[in-house]
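One structure is given below, encoded as C-alpha cells.
A, B, ... follow the sequence lines: proteins, then strands. Residue 1 opens every chain. Just so it is clear, the model here is predicted, and its values are computed rather than measured.
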Amino acid sequence: MATRAIDFAAWPAEPPHLAAARARAYAMPLTEIDMLDTDLWVNDMHWPYFERLRDESPIHYHANGRFGPYWSVTRFADIMKVDTDHARFSSDAHLGGITAKDMDQDFILPMFIAMDPPKHDVQRKAVSPIVSPGNLAHLEVLIRERAQAIFDNLPAGETFDWVDRVSIELTTQMLATLFDFPWDDRRLLTYWSDKATADETVPGNPTKAEREAIMLECLMYFTKLWNERVNAPPAGDLVSMLAHNPATRDMVPMEYLGNLLLLIVGGNDTTRNSITGGLTFMAANPGEYAKLRANPDLIESAVSEIIRYQTPLAHMRRTALVEVEFGGQTIRKGDRVVMWYVSGNRDPRSVDRPDEFIIDRPRARQHLSFGFGIHRCVGNRLAELQLKIVWQEILKRYPRLPEVVGIPGRVPSAFVKGYTSLPVRIPA
Amino acid sequence: MAKITYIAADGGACTLDVDDGVSLMEAAVANGVPGIDGDCGGNCACATCHVHIDARWLAAAGAKSEMEAAMLDFAEGVTADSRLACQIMASATLDGMVVRTPLSQH
C-alpha cells in the first residue's frame, strides 16, 4: 500500500473518475439512468447523474430497476414535500418499507421507521427517552472517555485503517453502551449492522437465506438479554426500556428484532460513515481545518456540514397510497418513490455552493441527512454529539491532521453511503 | 409589524420587531435568538423551533395544524402552551406577544 500522502490540492477541479462519469451521465438516454446501480456508489460516480436528473428530470421514472420500477426525487424542496406528506406517502413495511429494495414479504421485520401512524408514534416514543437531553448529558462523559482512549492508542508514523480503528470502534462502543451489551462481544453489533443492510444481489454478500439466518442469530442473542432484563428492575438501557415499556413489552419476536436492527443500523452505520467522511473532507480542504483550529467554536456548524456533505444514508423510500400529481408527473397508487437525500443536499436551488465543504456555512443545520417529518432521525442529537466529541479530541491532539494516504474503500450500496476502509497515517 | 419578546431558559429577554408575514422562527434565527434552531427552514418538519407561548397570547397564536401537532408530539418538554415558531406569522394582532424558548431544541 502506498504511504505517501495524497496531495488533494494538486487534483484537478474534477477528479478524472468524475469527468468520465459525467460524459456517460449526459450521453445516455434519460430514461436509462438508474441510480440504484451499485457501480455508481462503489466508485463514487453518482454525482453527475444526480446533477442531470435535478436539472432535466427532477421527478424521474426508471422502469427497469433491479428491485422494480421506481421514481427518483432529487431536488431538496421536492424531497421535503414527500418526506412531510406521510398521509399520502407510506413507510409501511408491508408495502415495501423505507428502502428502494422492498422488505422481504416473507421476512417482515416490523420497526417503527417502517410503520405509519398511529403505531409508529407509540413505538417511537417508547425508544426516544434513550436520547433525551438528560441522558445525552450522561452519555457525553462516557463517549468522551472512550473516544480519548481510542485516540490515545492510535499508532504514530504507520499506516492504519481509520474505519476500523476509529469510526467502527467508537460507534460500536457507543451502541454497546446504549444496549448495555456484553462488552467483549460488541463487534457482533457491527457484524449484524453490516449484514442487515447487505444487498444479496451484490457478489460477496450473503444470500437471502444466509442473511436471514444471521438476523435470527442476532434475535437469539438479544432474546437472552431480554429475558435477563424483563425479570430485573427497569434500567436505562434500550433492551430494558423495550422489555418494560407497555408500548413494546408485548412485541412478537420479529418486531423485537426489527426494532433492534433499526437501532443497530441507525446508531452505527450512519455515525461511523460520517466520522470517516469528516476526515476525508477536512484532509481535502486544509483551509477548513485551519479555520476550525483558529476558531473551535465552529465545531457545531462543522459537524452539520460534515453530515450534509456525507449524507450517510443516500435515500429513503416511500410508497404512494393514492395517485399523486407531482412536478408534472403522475405517481400512481402503489408506486415506489425514492427520495435521494444525497442529491437534495447538493441541490444549488436550496444550498449555496453545494459541492463545496464549508464549515462555517450559514444555516448549516438545514440539510436533509436526518430526513424531515415524523420519521426524522430520533438519534440526531446523539449523532451530532459523537461527531462533536471526535472533532474536539482531534483538535486537541493534531496540529496537523492525520494524513489520508490512500483511496477510501466504499460500500457497494445505494442506501448506506459509506466506507469500508480508509488508510491513514498520523505524522510521527 | 409586531414586537415579539423571546425569553430564554436563563431568563434573558430579547424583543424583535417582526414584519407581517414573517414567522417567529425566521425572525429568531435571523437575529441569533438563542434556543431556536429551525433545521427545516420553516416547513413544519423538524420541531426544532419549539416555543412556549405566554398564556395571555395563546389564543391569539391560533390553532395548530394536524402536521404541527404531529411534529410536536415527538418534541421534548411539550406542554399545552407549546407551538412551533415557524407556524406563527407576525401580524398586528400579535404585537406585544411573549414566547419562551427552551434550553435547547431536541
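Put simply, of A:Leu368, A:Thr84, A:Asn380, the one with the most heavy-atom pairs under 4.5 Å next to chain B is A:Thr84. The residue among A:Lys81, A:Gln366, A:His86, A:Arg365 with the most heavy atom pairs within less than 4.5 Å of chain B is A:Arg365.
Heavy-atom contacts from other residues, nucleotides or ligands closer than 6.0 Å to CD of A:Glu300 number 12 or fewer. Around atom CG of B:Leu103, no more than 12 heavy atoms belonging to other residues, nucleotides or ligands sit under 6.0 Å away.
Residues A:Met80 and B:Cys40 share a closest heavy-atom pair of CE-O, 3.5 Å. Considering all non-hydrogen atoms of both residues, B:Met71 and A:Ile374 come closest at SD-N, 3.7 Å. Counting all heavy atoms, side chain and backbone alike, B:Met67 lies closest to A:Gly373 at CE-CA, 4.0 Å.
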Inset, instruction - Show your reasoning for whether salt bridge (charged side-chain N to carboxylate O under 4.0 Å, His left out) applies to B:Asp37 and A:Arg381. - result: CA-CA 12 Å; B:Asp37 291 338; A:Arg381 300 288 171 176; 3.0 Å; yes
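When heavy atoms are compared at a cutoff of 4.5 Å, B:Ala75 does not approach chain A at all. In this structure, no portion of B:Ser104 lies under 4.5 Å from any heavy atom of chain A. With a 4.5 Å cut-off on non-hydrogen atoms, A:Ser128 does not touch chain B at all. With a 4.5 angstrom heavy-atom cutoff, A:His120 touches chain B only via side-chain atoms. Residue contact with chain B, scored on non-hydrogen atoms closer than 4.5 Å, involves the side chain of A:Leu136 exclusively. At a 4.5 Å heavy-atom cutoff, the contact between A:Asp121 and chain B is made by backbone and side-chain atoms alike. No part of B:Glu66 comes within reach of chain A, as not one of its non-hydrogen atoms sits under 4.5 angstrom from that chain.
None of A:Arg363, A:His367, A:Arg376 except one satisfies the side-chain contact (heavy atoms from CB on, under 4.5 Å) rule with B:Asp39; the exception is A:Arg376.
Atom OG1 of B:Thr48 and atom CZ of A:Phe372 lie 7.5 Å apart (nearest 0.5 Å).
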